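Remarks on the structure that follows.
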Amino acid sequence: VQLQASGGGLVQTGGSLRLSCVASGGAFSRYTIGWFRQAPMKEREFVATISGLGRSTIKYADSVKGRFTISRDNAKNTVSLQMNSLKPEDTAIYYCAGDRNLIVSSMTTPSAYDYWGQGTLVTVSS
């Protein structure tokens with residue numbers, strides 16, 4: 001499966017952005033899709049993930065709980081990440097990733113995913 005992330009941009013503190021991850025070339029509904037982010041000089045970190053096959057089990061990083069919402073539309077081969085109450089520390093390149101593993105508790109590290117999109121930059125100004 002091929003993944004393409006989009007929707008990044010520049011926003012002020014407290015603002016909102018909606019990222020999209022569009023998939024092609026595979027049975028999208030079978031895949032768990034995760035969002036990760038990587039800030040300059042930092043390791044790639046988990047943001048959120050949603051499982052496939054209609055279960056839509058969700059897990060968030062503690063740092064984004066209550067502010068970010070992940071959702072999927074299998075008819076459109078899309079997973080979205082709605083980001084509200086953005087903070088400067090949310091500034092990073094955001095990547096979406098996919099894998100057939102449906103157990104979200106094990107899907108919080110980059111190494112758990114086989115497929116990656118190219119990333120989209122989110123900048124939150126203070």
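Values below: all heavy atoms of this structure, side chains included; hydrogens, waters and symmetry mates excluded. Just so we're clear, the structure is a prediction, and the values are computed from it rather than from any experiment.
Of the candidates Ser6, Cys96, Ser80, Cys96 is the only one forming a side chain to side chain contact (heavy atoms under 4.5 Å, CB included) with Cys21. Checked options Phe68, Tyr95, Tyr60; the residue passing with Val47 is Phe68 (criterion: side chain to side chain contact (heavy atoms under 4.5 Å, CB included)).
Between the side chain of Asn77 and the backbone N or O of Val22, no donor-acceptor pair lies under 3.5 Å. When atom types are taken as modelled, the side chain of Gln118 and the backbone of Ala5 share a donor-acceptor pair closer than 3.5 angstrom. Here the side chain of Thr91 pairs a donor or acceptor atom with the backbone of Val124 at under 3.5 angstrom. Looking at Thr69, its side chain never comes within 3.5 Å of a backbone N or O of Gln82 through a donor-acceptor pair. Remark: side-chain polar atoms of Thr13 are paired, donor with acceptor, to backbone N or O of Ser125 under 3.5 angstrom. Looking only at distances, no side-chain donor or acceptor of Arg72 sits under 3.5 Å from a matching main-chain atom of Thr32. Checking side-chain atoms of Thr49 against main-chain N and O of Ile33 turns up a donor-acceptor pair under 3.5 Å. When atom types are taken as modelled, the side chain of Tyr113 and the backbone of Met107 share a donor-acceptor pair closer than 3.5 angstrom.
Considering all non-hydrogen atoms of both residues, Leu121 and Ala92 come closest at CD1-O, 3.6 Å. Across every non-hydrogen atom of Lys59 and Phe46, the tightest pair is O-CZ, 3.4 Å. Closest approach of Gly119 to Ile93, counting heavy atoms only: CA-CG2, 3.9 Å. When all heavy atoms of Ser56 and Ile50 are compared, the closest pair comes out as CA-CG1, 3.8 Å.
With respect to Asp62 and Lys65, a salt bridge is recorded, a charged nitrogen being found less than 4.0 Å from a carboxylate O.
Counting heavy atoms from C-beta outward, Arg37 and Ser63 have side chains that approach closer than 4.5 Å.
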